[in-house]
Amino acid sequence: MKYKIRILLDTIFKDIFKATGLLVLFLLGGILALLIYNSISFFMDVKPLEFITGMEWNPTGKSPKYGMLPLILSTTLVTFGAMIIAIPLGVGTAAFISEYAGSRLKNILKPAIEMLAAVPSVVIGFLGIVVVSPGLANLADLPNGLNALNGAILLAVMALPTIITISEDAIHAVPKTYKEASYGVGATKWQTLRKVIIPAAGPGIISAIMLGVGRAIGETMTVLMATGNAALIPKGFFDSVKTMTATIAIEMGEVPYQTTHYYGLYALATMLFFMTLIANLVGEYFINRFRKYHAT
């Protein structure tokens, strides 16, 4: 009797978990279908090539322009700058917590880092305006510090908890036999970390980085507040920029319903969706390469 009940429970929970997995795929497919459906209405008025390669985004002008190239470059620049800051800091902090920090320090650092992830993005953006922006303006002798570098610094802060937490878990999961073998041939702790532990934890660290990239690309409020929102081709990190997410957030609330501008924001969201998807696929490719390398 107990055996039959256990089998029945296993079957029920198996079906529940299968249903939840299919529900996630259904929701993702529904979101993509909604974006594409509304984007088609936009591309009936604006040519796709003109939209992707256009140099000006000015949908409310006398002669509306729907060029998303400045928005793509701005999003890419801010995300790239954030990762330049966040990856070495994040992986380095994760390695320190896992391999060097004592138990007392570790018990302080880990909760502090997790609490950083709970800080609302609007608070991070506010700190960027009142703290980081004036500092950048004084440093670079600019009228204001609302630029791509400001946004990159803030996005790096927001991506750090994800990168640190997942990287630390990946480093901690490396079998102790790897370390013992390295120490056995005379390697130092630093050599073991650099040449054995971090390569062995490579798939997990890459996953952490890609999640950090996804967080940076998809962040809205922080970049809306801190980057200046100038839809121009950026020439450097000290230029004001306008990201794709900020554009959607600013304009969607005031755009007339079912106009070309309205559908253009859906097209922008569709491109953002595919940019995030490509980033995840690239990360998955390198993760699989690392796994095959360690399997041989």
Side-chain angles (χ1 to χ4, degrees), residues 49-61 65-92 121-160 162-163 209-251 264-265 267-269 271-272 274-276 278-279 282-283:
L49 185 62
E50 178 184 341
F51 174 62
I52 296 173
T53 62
M55 303 289 285
E56 183 181 355
W57 178 268
N58 184 20
T60 57
K65 302 291 184 181
Y66 295 96
M68 67 173 295
L69 187 60
L71 309 181
I72 293 178
L73 294 177
S74 297
T75 302
T76 304
L77 181 66
V78 174
T79 303
F80 178 72
M83 290 303 103
I84 289 177
I85 299 169
I87 290 174
L89 281 177
V91 177
S121 59
V122 67
V123 175
I124 300 292
F126 178 74
L127 292 175
I129 292 175
V130 301
V131 178
V132 181
S133 176
L136 290 177
N138 292 332
L139 181 66
D141 194 21
L142 298 171
N144 65 73
L146 300 178
N147 50 41
L149 182 58
N150 190 11
I153 293 172
L154 300 180
L155 289 184
V157 172
M158 299 186 69
L160 276 175
T162 300
I163 295 175
I209 292 171
M210 297 316 299
L211 286 173
V213 170
R215 177 72 188 274
I217 292 177
E219 179 53 45
T220 303
M221 186 56 66
T222 299
V223 292
L224 187 152
M225 297 173 67
T227 57
N229 297 314
L232 303 172
I233 299 290
K235 298 179 181 179
F237 282 102
F238 291 109
D239 288 346
S240 295
V241 296
K242 190 175 187 181
T243 65
M244 299 165 71
T245 52
T247 302
I248 296 170
I250 292 171
E251 300 178 10
L265 296 177
L268 205 59
M271 295 300 298
L272 185 63
F274 281 109
M275 285 176 65
T276 307
I278 291 170
V282 170

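Side chains included, hydrogens not; waters and symmetry mates left out as well; all remaining heavy atoms used.
Here the closest non-hydrogen pair linking P234 and L77 is CB-CD2, 3.8 Å. Scanning both residues, I52 and M68, for their nearest heavy atoms gives CA-CG, 3.8 Å. I209 approaches I163 most closely through the heavy-atom pair CA-CG1, 4.4 Å. The shortest heavy-atom contact between V223 and N229 is O-OD1, 4.1 Å. Nearest heavy atom pair, residue A231 against residue W57, reads CB-O, 4.1 Å. The minimum heavy-atom distance between M55 and I233, with the atom names listed, is CE-CG1, 3.9 Å.
We find the CD1-CG distance between I250 and L265 to be 10.5 Å, quoted to the nearest 0.5 Å. To the nearest 0.5 angstrom, L154 atom CG is 7.0 Å from I124 atom CD1. Here the CG atom belonging to L69 is positioned 11.0 Å from the CZ atom belonging to F51, to the nearest 0.5 angstrom. In this structure, I153 CD1 and F237 CZ are separated by 10.0 Å, a value rounded to the nearest 0.5 Å. Summarising the geometry, atom CG belonging to L73 is positioned 10.5 Å from atom CE belonging to M244; distances are rounded to the nearest 0.5 Å. Considering OG1 of T162 and CG of L211, their distance stands at 6.5 Å, rounded to 0.5 Å.
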Does the pair E50 and Y66 meet the rule for a side-chain contact (heavy atoms from CB on, under 4.5 Å), with working shown? CA-CA 8 Å; E50 178 184 341; Y66 295 96; over 6 Å; no
N58 and T60: side-chain contact (heavy atoms from CB on, under 4.5 Å), yes or no, with the steps? CA-CA 6 Å; N58 184 20; T60 57; 3.7 Å; yes
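The shortest distance between side-chain heavy atoms of E219 and T245 does not fall below 4.5 Å. Annotation: side chain of L232 is not in contact with side chain of D239 (no heavy-atom distance under 4.5 Å). For the pair T227 and K242, the minimum side-chain heavy-atom distance is 4.5 Å or more. Counting only heavy atoms from C-beta outward, the side chains of T76 and M275 approach each other to under 4.5 Å. Inter-residue side-chain proximity for T222 and L224 is flagged as unmet; no heavy-atom pair is nearer than 4.5 Å.
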What side-chain donor-acceptor pairs closer than 3.5 Å can you find for residues 81-90, not counting sequence neighbours?
none

Using atom types as modelled, flag every donor-acceptor pair under 3.5 Å from a side chain in residues 140-148 to any protein atom, sequence neighbours excluded.
residue, atom, partner, partner atom, Å
N144, OD1, L146, N, 3.0
N147, OD1, L149, N, 3.2
N147, OD1, N150, N, 3.0

